[in-house]
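Below is one structure, written out as structure tokens; the observations come after it.
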Amino acid sequence: MAEIDLHCHSTISDGLLPPAEVVARAASRGVKVLALTDHDDVRGLAEATLAANTAGIKLINGVEISVNWGKQTLHIVGLNIDPTNAILLAGLESIRSGRVARAKLMSQDLARVGIAGVFEGALPYAANPEMIGRAHIARYLVEKGICKNMQAVFRRYLTPGKPGYVAHEWTNLAHSIDWIHAAGGLAILAHPGRYDVGKKQLRMLIGEFRDLGGDALEVATANHTPVQIAQFALLAAEFGLMASAGSDFHGAGHYGDIGAVPPLPETCRPVWHQFAPTADALQTQSPLELNTTRTTTAL
Ligand code: AMP
Ligand code: MN
Ligand code: MN
Ligand code: MN
């Protein structure tokens, strides 16, 4: 169990728990520093911050931005952002707006293979209807008995080349990084082990991310293997990037549980060394390794 978890979701996007319950679960599992990183939306952060203050843990304002990179969809996590920044808010709004139309197209595609009524069925699974996405559709298909679990839904229906997949235009890598930086945050390439790219293409991606100003790689996440974690730690060092770590918790059975984050290899420069310490964090400085002085490492 880790004390620092810098990636998780609430009902604001495709998580199963409201922001305050995500924070309460984190606190009960011994997490001391938590970033809530909902997809393309920061509207859970105020509630999460209040809950974190009550629980005595530190909430880092975060977001996870959906990005197109060639045929791939990438996720760029922003950490320690100002959630009121106008540039960030306008950018996020621009990529949220197409989700309902996309879900209707996915539903039409699934109807063609004999699964009718998916849009209407999945809508109640999205607490925030504007944020309807593949996870809500997948939960509906599991509960309808079409597939036995989420993995099976994604494998059979919701990934490129499958009958319910609809390509979507999000934003590009440069914009995602710029919005995060405009809001004073750090840009992290999320879960590099989950993209459908070979070694050479992954190096190209990391190089481009770094050249565009990206700050860190999410080296450790629940479903990275120990071998992947070691590889990503080496890549982070080679490309001069910091390292982040987070569970990507969405709810029971969907990626890792909160705080279930493998430790970063010692060679990594953790992103949390950049976070300004709070009075609370200072009292528990050593286990959290929060710096009293900002490191002077150039970003
Ligand atoms: P969307 O933003 O609508 O494209 O949905 C992306 C989300 O779908 C991810 O953040 C995950 O929550 C979920 N997802 C994607 N692939 C998988 C998978 N293989 N297993 C479980 N969840 C997945
Ligand atoms: Mn998700
Ligand atoms: Mn993601
Ligand atoms: Mn995520």
Side-chain angles (χ1 to χ4, degrees), residues 5-17 19 22 35-41 44 62-69 71-79 92 95-107 109-110 118-119 122-123 125-142 147-162 164-171 173 176 187-196 205 209 217-224 244-258 261:
D5 186 338
L6 300 178
H7 188 156
C8 69
H9 297 269
S10 75
T11 45
I12 293 294
S13 62
D14 57 4
L16 286 167
L17 304 178
V22 172
L36 179 64
T37 55
D38 275 308
H39 297 288
D40 310 322
D41 207 329
V63 67
E64 181 174 21
I65 303 181
S66 313
V67 163
N68 300 101
W69 188 75
K71 286 193 178 142
Q72 298 288 322
T73 299
L74 307 177
H75 284 169
I76 306 301
V77 163
L79 292 179
L92 297 180
I95 48 178
R96 279 199 303 268
S97 60
R99 278 187 175 269
V100 169
R102 170 200 188 220
K104 287 183 177 163
L105 289 174
M106 292 169 80
S107 181
D109 272 10
L110 289 166
V118 169
F119 178 76
L123 201 57
Y125 287 75
N128 179 2
E130 179 195 14
M131 283 306 296
I132 186 166
R134 289 186 290 162
H136 307 109
I137 291 175
R139 287 183 195 126
Y140 169 68
L141 292 179
V142 170
C147 289
K148 67 174 191 311
N149 56 35
M150 305 265 295
Q151 290 299 339
V153 183
F154 279 92
R155 206 170 42 238
R156 280 170 61 185
Y157 297 113
L158 301 185
T159 38
K162 301 299 162 66
Y165 183 77
V166 174
H168 192 68
E169 210 170 299
W170 305 106
T171 187
L173 193 51
S176 67
I188 290 100
L189 178 61
H191 44 65
R194 259 189 248 155
Y195 305 124
D196 185 18
L205 166 60
F209 174 74
L217 271 193
E218 193 175 65
V219 168
T221 186
N223 65 351
H224 280 170
S244 189
S247 62
D248 207 0
F249 172 75
H250 283 68
H254 191 173
Y255 299 135
D257 205 336
I258 212 152
V261 189

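When a ligand or atom number is given, it counts from 1 through the structure's own listing order.
Across D41, L16, D38, a single residue satisfies side-chain contact (heavy atoms from CB on, under 4.5 Å) together with S10, and that is D38.
H254 lies apart from the Mn ion (ligand 2) in this respect, since none of its N, O or S atoms is found at a distance under 2.8 Å.
Here the side chain of H224 pairs a donor or acceptor atom with the backbone of V219 at under 3.5 angstrom. For N149 (side chain) and V142 (main-chain N/O), no donor-acceptor pair under 3.5 Å exists by modelled atom type. For Q72 (side chain) and D196 (main-chain N/O), a donor-acceptor pair under 3.5 Å exists by modelled atom type.
Nearest non-hydrogen protein atom to atom 20 (N) of ligand 1 is Q151 NE2, 3.4 Å. In this structure, the protein non-hydrogen atom closest to atom 7 (C) of ligand 1 is D14 OD2, 3.6 Å. Ranking the protein heavy atoms by distance from atom 17 (C) of ligand 1 puts Y255 OH, 3.2 Å first. Protein heavy atom in closest approach to atom 22 (N) of ligand 1: H254 NE2, 3.0 Å. Looking at atom 14 (N) of ligand 1, its nearest protein heavy atom turns out to be F154 CZ, 3.1 Å.
When non-hydrogen atoms are compared, ligand 1 lies under 4.0 Å from the side chain of R99 (C-beta onward) but not from its backbone. At a heavy-atom cutoff of 4.0 Å, ligand 1 is contacted by no atom of H168, backbone or side chain. Residue contacts with ligand 1 for R155 are absent, since no atom lies close enough (heavy atoms, distance under 4.0 Å). If you look at H9 next to ligand 1, there are no close heavy atoms at all, none under 4.0 Å. At a 4.0 Å heavy-atom cut-off, ligand 1 does not touch M106 at all.
Between H191 and H75, the ring planes are perpendicular. Angles over 60° get that label, and only those under 30° would be called parallel.
Contact annotation: R102 has at least one heavy atom less than 4.0 Å from an atom of ligand 1.
Take the Mn ion (ligand 3) and draw a sphere of radius 2.8 Å; the protein N/O/S atoms inside it number 3.
A pairwise comparison of heavy atoms in L141 and Y157 identifies CD1-CD1, 4.5 Å as the closest pair. Between E64 and T37, the closest heavy-atom pair is CB-O, 3.5 Å.
The N, O or S atom of H250 lying closest to the Mn ion (ligand 2) is NE2. No other N/O/S atom of D14 lies as close to the Mn ion (ligand 2) as OD2 does.
R194 has a carboxylate O that lies under 4.0 Å from a charged side-chain N of D248, or vice versa, which qualifies the two as a salt bridge.
Considering both main-chain and side-chain atoms, H250 comes within under 3.5 Å of ligand 1 through a nitrogen or oxygen pair. Residue R134 places at least one N or O, backbone or side chain, under 3.5 Å from an N or O of ligand 1.
Between V77 and V63, the closest side-chain pair of non-hydrogen atoms is not below 4.5 Å. Residues V261 and L6 have side chains not in contact (no heavy-atom distance under 4.5 Å, counting atoms from C-beta outward). Looking at heavy atoms from C-beta onward, S13 lies out of side-chain contact with H250 at the 4.5 angstrom threshold.
For ligand 1, the atoms sitting less than 4.0 Å from at least one non-hydrogen atom of G133 are 3 (O), numbered in the order shown with element in parentheses.
In this structure, the side-chain contact (heavy atoms from CB on, under 4.5 Å) partners of T11, at least two apart in sequence or on a different chain, are P18, P19, A127.
Here the straight-line distance linking atom CG of D5 with atom OG1 of T221 works out to 8.0 Å at 0.5 Å rounding.
The number of heavy-atom neighbours closer than 6.0 Å to NZ of K162, taken from other residues, nucleotides and ligands shown, is above 12.
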